[in-house]
Engineer: 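One structure, as C-alpha cells, below. Some questions next.
Note on naming: letters A, B, ... go to the chains in the order of the sequence lines (proteins, then strands), and numbering restarts at 1 for each one.
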Amino acid sequence: MSKELLFISQHWNIEFNHAAGETASVFFRAIKERKEILGRRCPACKRVLLPPRSFCERCFVDTLEWVKVGKEGTIEAFTIVYEQFRGLPKPPYAIAYVLLDGASTAMVNFLKKVDLNNLQEALERIKIGARVKVVFKRKRRGRITDFWYELLHT
Amino acid sequence: MIQAGIIGIGQTRFVTRRDDVNLGELAREATIIALEDAGIEFRDIEAVVFSLALDALEGMENAERWCVEAVGGCKKPCIRVHMGGATGGSALHTGLFHILSGLFNCVLVVGAEKMGETQDAQSILNLIFDPVYEREVAINAINMCSFQAIRHMRKYGTTEYHMALVAVRSYKNALKNPYAHIKKEITVEDVLNSRVICYPIKLYDCCPRSTGACAVLVASSRFIKKLGKKRIAWISGIGSCTNSYFMGDRMDNSGLNDHADAEGLLIAAKKAYKMAGISDPKKEIDVAEIYAPFTSTELAAVEALGFCEKGESGICNEKGIFDMDGKLPVNPSGGVLTSNPISVTALVRVAEAALQVMGKAGERQVKGVKNAVATGEGGSLQFYTVTVLSKGI
Amino acid sequence: MRVAILGVGQTSYEREKGISLDELVFEATKNALEDSGLNLQEIESVVTAGSDGLDGRAISNMTVSGSCGAYLKDEVKVSDGGIYGLVLAYLRVASGLFGNSLVVSWTKSSEVSPDTVGNLSFDPLYLREAGINPITYSAIQVSLYKHITGARDEDAAKVVVKNRGNALKNPLSHLKRKPSVKEIKSSRFVSYPLREIHIPPESDGACALVISSERWLKTRKKTGQKYAWIRGIGWSLEGYYRDEKKELVKLSSLRKAAKTAYKMAGIKNPAKEIDTAEVSDITAYHEIMIYEALGFCGDSEGIELVRKGVTEIDGELPVNPSGGILSSNPIFASSLVRVAEAALQVMGKAGERQVKGVNTALAQGFTWSGTQGSCVVILDNRI
Ligand SMILES: [Zn+2]
C-alpha cells in the first residue's frame with residue numbers, strides 16, 4: 001500500500017434568511033424610501049444608537065424614540081484594505097466608522113471616492129476627525145450598502 | 001477551602017498544517033503529553049472541558065463530540081465552551097469552576113485547531129459580524145483590530161514603529177520556544193517595509209494561522225497533595241468581561257470604554273488581581289502571556305493590564321521594559337504573533353504562564369517568577385479573560 | 001454549595017417570530033429577570049448556550065451579548081443545548097466565585113434549515129456523506145429500538161397525542177392542536193419508521209433562567225418566593241460512533257447522567273420519588289427510550305408505561321406536562337425549556353399545566369444532533 005495521505009474536500013452551503021426585525025426594518029425603509037438615517041434614543045441614558053437597536057444594552061430598557069440624524073459626520077476609525085481575502089471585495093478599499101451628527105455611536109460603512117493606490121497620499125486625506133457625508137445609491141434595496149461615506153471638502 | 005492548580009501541560013508543535021492526524025488525534029497528542037507531565041493516567045481524568053472555537057473553521061459543527069474518545073472523555077462529564085479567541089481562557093476558568101464546586105478533583109482542559117484545512121479564514125471571520133448592519137462592509141478579524149490601532153495612534157501618538165518593536169521582540173522570543181510556529185529573526189525595517197494588509201496593520205504585525213493542540217490538567221489541592229506533586233501553578237485569580245458587540249458603540253468620545261483601549265481587559269484584570277491579592281501589577285506580576293494576534297493589540301493590552309499608564313506602551317517598548325531581560329517580560333513564548341491556533345491560543349497563554357510559574361519554561365524561562373498573568377481575547381475585541389497563576393497560594 | 005432557580009423567562013414559541021435574534025433573546029432575559037425579582041445590576045454572571053451554525057453567526061453570542069444582559073459582565077458561551085448552559089452556570093455559582101447567574105439559550109429555526117446544519121455535525125470522513133442528519137440518525141435508532149422492544153406505531157402515536165394534548169394548556173406552545181389518531185396514522189414517513197408527526201416542529205424561541213447560591217440569597221431581603229433547588233445534576237458524553245449494536249439505543253450517557261444526578265439528590269427509586277419529568281422527546285419514540293434510561297421502568301418496559309397511561313398528565317408520573325419538544329422546539333433552547341418547565345412545576349407556577357402536588361421534578365436534555373451526550377437535573381422545593 002502507498003503511504004499517500006488523502007483529503008476529503010467539503011464545501012459548506014447553508015442559506016440563511018435573517019429577520020432584521022421591526023427596528024432595523026424601519027431604518028432600512030427610511031434609507032430606501034426617504035434617504036434618511038434614523039437612530040433610536042434610549043430613554044434612560046439618552047444615547048442615540050446608530051445603527052438603531054430596539055433596546056439599550058447598558059440600561060436594559062426598550063428604546064422607543066426615533067431620531068433623524070445628520071447626513072454628515074466625523075471619521076472615528078478607519079482602515080484601508082490592500083489584501084485580497086477570499087470571498088471578500090477586491091482591494092483596495094477603505095472602511096470607516098463615522099459618528100454622524102446627532103448620533104452617540106459610530107456606524108461603519110465603506111469610504112469611497114478616494115484614490116487608495118498610494119497609501120501615503122490617501123492618508124493625507126483620510127484621517128480620524130475628517131468630515132464626511134453620506135452618499136446614497138440611486139437604486140436602493142434596503143441594505144447597509146445602500147449608502148457609503150465620502151470625504152467633505154475634497 | 002478548596003484550591004485549584006495546574007499539574008500538567010501538553011502542547012504540540014504549532015505548524016501550518018497536519019495532514020497526518022484528524023482533530024481528535026491532534027488533541028490526543030497534547031493530552032498524552034499533559035498526562036505524562038502530571039504523572040497521571042487517562043482514568044484519573046474525571047471531567048473534560050473542550051476548548052474549541054469556531055465550528056466553521058474546523059468544518060464541523062460541535063467537533064468536540066468527535067474527539068471524545070481520543071482525549072479519554074468517554075462516558076465522563078464533558079462540556080465545550082466557545083468564546084472565539086478567548087475560548088481557551090474561558091475553558092480554563094470552566095475547569096477551575098469544576099474543581100471549586102467540589103464535584104471534581106481532576107479535570108482535563110483540552111482543544112485542538114486545524115484551521116489550516118480552510119483557505120477561507122477571513123471570510124469565515126467576516127461571519128462573526130452582524131448580518132443586518134455590518135457584515136456587508138467587509139469587516140474581518142484583521143481590520144477590526146486596525147480600527148483599534150488607528151484610534152490608539154490618534155489618541156496617544158502611538159506609531160507603526162512602536163508596533164514594529166512588538167513584532168521584533170515576539171519573533172526573537174519565539175526562537176527559543178520549541179513549539180512556536182514562526183521561527184525567524186526580523187528587524188524593525190522588515191516590519192515597516194512589509195506589505196500593508198489593512199492599514200495600519202502590515203504583514204509582520206499579523207499572527208499566522210496555526211494548527212496544533214494544547215491540554216492543561218487542573219486539579220484540586222486534595223488531589224495534588226495525594227499525588228505528592230511539588231511544582232504547581234496555582235490559579236490565584238480570574239476575571240472575564242464582555243464588551244459591546246458593535247465597535248462603533250466604543251467610539252462615542254465620552255472618554256469611557258473607548259475602542260482605542262481594551263476596556264474589557266481592564267475590567268477583567270481588575271477582578272483577577274483583586275482575587276489574587278495583587279495591588280500593584282507592575283511590581284507583583286513577573287511575566288505575562290498576552291493574547292495579541294496583532295502588534296497593536298498588545299500595546300492596548302499592556303496598558304489595560306496596568307503594566308504602564310494608558311498611552312505609554314509605545315515608550316515602554318522603546319525602553320525594552322517588556323523584553324526578556326526587561327522589568328516585565330511579555331510573551332517569552334513568542335506569543336500569538338508567532339503561533340495562533342485559535343481554539344487553543346488563549347489556553348496556550350495559560351500553559352506558557354504556568355510553565356513560567358513552575359520553572360519549566362526551558363530556554364524561555366524568566367528568572368524567579370512568582371506570579372504570571374495570561375489573557376484571552378475574542379469577538380470584536382469584545383470578550384476578555386484574565387488568569388493569574390502563582391507559585392504559592 | 002446549594003443552588004436554586006429563582007426565576008424563569010420564556011418567549012412564546014412560534015414557527016416564525018418576525019423579530020431579530022437579539023430582540024428574541026432580550027425578551028426572554030427580561031422575562032427571567034422580572035420573574036426572579038432581580039435587576040440586571042445584581043447579576044454577576046451570564047452563561048449563554050447556542051449554535052453558531054443555526055444562528056448563521058460564526059460566534060453567535062457576540063450578537064446576543066447585549067440582549068442577554070452581559071454588557072461589561074462575566075459571560076461565557078457553551079456551544080451546546082441550553083441545559084448545558086445550566087450545567088456551567090451551576091458550576092460557576094457552586095464554585096463560590098459568583099453569587100448568581102443568568103442562563104440564556106435560543107434558536108431561530110425559521111432563519112435556516114436545521115437539518116442541513118445538523119448534517120454538518122457529523123464527521124466529514126464517514127457519516128456526513130452517508131446522509132446522516134439529526135432525523136435520519138434518530139430514525140436508525142428508533143428502528144433498532146422497535147426491533148428490540150416491539151414498540152409499535154400506536155405507542156408513538158399515544159405519546160404524540162399526550163404531549164400535543166398537554167400543549168393545549170401551555171400558552172407558550174407552538175403547536176396548539178391535538179391531532180387525531182387517524183391523522184397520525186396517515187402522517188407521511190419522513191425517514192422510516194419516523195412519521196412527520198413523530199418529529200418535533202421547528203420553532204423560534206428563547207428561554208432564560210436566573211439561578212443563585214443559598215449564600216447569596218441570604219444577603220437579600222426575604223420575599224416569600226418559592227424556589228426550585230437544584231438537588232442533583234449529572235451530565236455525560238459517550239463515544240462518537242457507538243458502533244456496538246445496542247450502544248446505539250442504550251442511551252448510555254443518559255443513564256450515566258441520571259445515575260450521577262440521582263446519587264447527588266439521594267434518589268433511590270426514581271419512579272416513586274419523582275413527581276413529574278420534562279424530557280427531550282426529540283421523537284415520540286425517544287420519549288419512551290428515555291423512560292427506560294431514566295429508570296422509570298425496566299429495559300424494554302417503556303411501552304408499558306405508555307400503554308397504561310402512567311405518564312399522562314393525570315397519571316402516576318406525568319411526563320412533559322408542558323407539551324414537550326413535540327409541541328415547541330426552539331432547538332438549542334429546547335433542553336433549557338425542560339429545566340424551566342420543571343422549575344415552574346416545582347415552584348407551583350405552571351398555571352393550567354400544573355401537575356398537582358409536585359415537590360420533586362426531573363429535567364433532561366441531549367446534546368443536539370444524535371443523542372451522544374445527555375444531562376439530567378433534579379429539582380425540588382424543600383428548603
Ligand atoms: Zn441606555
Engineer: Mind checking which of residues 256-266 of chain C sit less than 4.5 Å from chain B, heavy atom to heavy atom?
Structural biologist: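 Interface residues of residues 256-266 of chain C: C/Lys256, C/Met264.
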Engineer: Are B/Asn257 and C/Tyr71 linked by a side-chain donor-acceptor pair shorter than 3.5 Å?
Structural biologist: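 Looking only at side-chain atoms, C/Tyr71 and B/Asn257 do form a donor-acceptor pair, the distance falling under 3.5 Å.
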Engineer: Testing the basics here: between C/Glu238 and B/Val68, what is the closest heavy-atom pair and its distance to 0.1 Å?
Structural biologist: O-CG1, 3.5 Å
Engineer: I want to check something: taking the side chain as every heavy atom from C-beta on, are B/Phe383 and C/Ile59 in contact at a cut-off of under 4.5 Å?
Structural biologist: yes
Engineer: If the contact rule is any heavy atom under 4.5 Å from chain B, which residues of residues 96-113 of chain C qualify, in numerical order?
Structural biologist: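 The stretch touches chain B at C/Leu97, C/Phe98.
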Engineer: Less than 4.5 Å apart, side chain to side chain, heavy atoms only: is that true for C/Leu88 and B/Thr94?
Structural biologist: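 Yes - at least one pair of side-chain heavy atoms lies under 4.5 Å apart.
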Engineer: Looking at CH2 of B/Trp66 and CG of C/Leu125, how far apart are the two atoms once the value is rounded to the nearest 0.5 Å?
Structural biologist: 4.0 Å
Engineer: For chain B, which of C/Gly373, C/Pro124, C/Gly66 has the most heavy-atom pairs under 4.5 Å?
Structural biologist: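 Among the listed options, the one with the most contacts to chain B is C/Pro124.
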Engineer: Check whether B/Leu96 gets within reach of chain C through its side chain, its backbone, both or neither, counting any heavy atom under 4.5 Å.
Structural biologist: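 Side chain only.
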Engineer: Looking at every heavy atom in both B/Cys78 and C/Trp235, which two are closest together, and how far apart are they?
Structural biologist: O-CD1, 3.5 Å
Engineer: Where does C/Arg255 contact chain B at under 4.5 Å (heavy atoms): side chain, backbone, both or neither?
Structural biologist: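 Neither part, no heavy atoms under 4.5 Å.
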Engineer: Counting only heavy atoms not in C/Glu129, do more than 12 sit closer than 6.0 Å to its CD atom?
Structural biologist: no
Engineer: Report which part of C/Met62 has an atom under 4.5 Å of a heavy atom belonging to chain B: side chain, backbone, both, or neither.
Structural biologist: both
Engineer: Using side chain to side chain contact (heavy atoms under 4.5 Å, CB included), reason through B/Ile79 and C/Val78 one step at a time and then give a plain yes or no.
Structural biologist: CA-CA 7 Å; B/Ile79 198 164; C/Val78 173; 4.1 Å; yes
Engineer: Out of curiosity, B/Leu57 CG to C/Asp52 CG, how far, rounded to the nearest 0.5 Å?
Structural biologist: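 With rounding to 0.5 Å, CG (B/Leu57) is 10.0 Å from CG (C/Asp52).
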Engineer: Pick one of side chain, backbone, both or neither for C/Glu75, based on which atoms fall under 4.5 Å of a heavy atom in chain B.
Structural biologist: both
Engineer: Out of B/Arg135, B/His93, B/Lys76, B/Lys271, return the one with the most heavy atom pairs under 4.5 angstrom to chain C.
Structural biologist: B/Lys76
Engineer: Within the distance-only criterion (no hydrogens, no angle test), does the side chain of B/Asn62 pair as donor or acceptor with the backbone N or O of C/Ser79 below 3.5 angstrom?
Structural biologist: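 Yes; judged by distance alone, with no hydrogens or angles, the pair exists.
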Engineer: Report which part of C/Thr367 has an atom under 4.5 Å of a heavy atom belonging to chain B: side chain, backbone, both, or neither.
Structural biologist: both
Engineer: Please identify, among B/Glu263, B/His82, B/Met60, B/Arg65, the residue contributing the most non-hydrogen atom pairs under 4.5 Å to chain C.
Structural biologist: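 Of the candidates given, the most pairs with chain C belong to B/Arg65.
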Engineer: Give a yes or no on this: more than 12 heavy atoms of other residues, nucleotides or ligands lie within 6.0 Å of atom CZ of B/Phe42.
Structural biologist: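 For B/Phe42, atom CZ is crowded (more than 12 foreign heavy atoms under 6.0 Å).
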Engineer: Once you round to the nearest 0.5 Å, how far does CG of C/Asp74 lie from CD1 of B/Ile267?
Structural biologist: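 C/Asp74 CG to B/Ile267 CD1: 11.0 Å, rounded to 0.5 Å.
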Engineer: Quick one: of B/Leu100, B/Thr87, B/Leu125, who has the most non-hydrogen atom pairs under 4.5 Å with chain C?
Structural biologist: B/Leu100
Engineer: Would you mind telling me which of B/Gly73, B/Gly239, B/Pro131 has the largest number of heavy-atom pairs within less than 4.5 Å of chain C?
Structural biologist: B/Pro131
Engineer: If you count heavy atoms of other groups shown closer than 6.0 angstrom to NZ of C/Lys250, is the number above 12?
Structural biologist: no
Engineer: Which one wins on heavy-atom pair count under 4.5 Å against chain C: B/Asp55, B/Val81, B/Ile124?
Structural biologist: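 So the answer, after comparing B/Asp55, B/Val81, B/Ile124, is B/Val81.
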Engineer: What heavy-atom pair brings C/Gly239 and B/Cys74 nearest, and what distance separates the two atoms?
Structural biologist: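 Closest heavy-atom pair between C/Gly239 and B/Cys74: N-SG, 3.3 Å.
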Engineer: For C/Ser253, is it the side chain, the backbone, both, or neither that has a heavy atom closer than 4.5 Å to a heavy atom of chain B?
Structural biologist: neither
Engineer: How long is the straight-line distance from CD of B/Glu69 back to OH of C/Tyr241, given to the nearest 0.5 Å?
Structural biologist: 8.0 Å
Engineer: Might you point out which heavy atoms bring B/Ser90 and C/Val76 nearest each other, and give the distance in Å?
Structural biologist: CB-CG2, 3.8 Å
Engineer: With a 4.5 angstrom heavy-atom cut-off, which part of B/Ile128 approaches chain C: side chain, backbone, both or neither?
Structural biologist: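 Both parts, backbone and side chain.
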Engineer: Less than 4.5 Å to any heavy atom of chain C: does that hold for the side chain of B/Tyr384, its backbone, both, or neither?
Structural biologist: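 When you check distances to chain C, no heavy atom of B/Tyr384 falls under 4.5 Å.
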Engineer: Does the side chain of B/Gln382 come under 3.5 Å of the side chain of C/Ser65 through a donor N or O and an acceptor N or O?
Structural biologist: yes
Engineer: If you count heavy-atom pairs within less than 4.5 Å of chain B, which of C/Ser252, C/Gly370, C/Ala94 leads?
Structural biologist: C/Ala94
Engineer: So does C/Val117 get a backbone contact from the side chain of B/Glu61, meaning a donor-acceptor N/O pair under 3.5 Å?
Structural biologist: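 No, B/Glu61 side chain to C/Val117 backbone: no donor-acceptor pair under 3.5 Å.
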Engineer: Chain C: which of B/Leu127, B/Thr242, B/Ile238, B/Ile2 shares the most heavy-atom pairs with it under 4.5 Å?
Structural biologist: B/Thr242
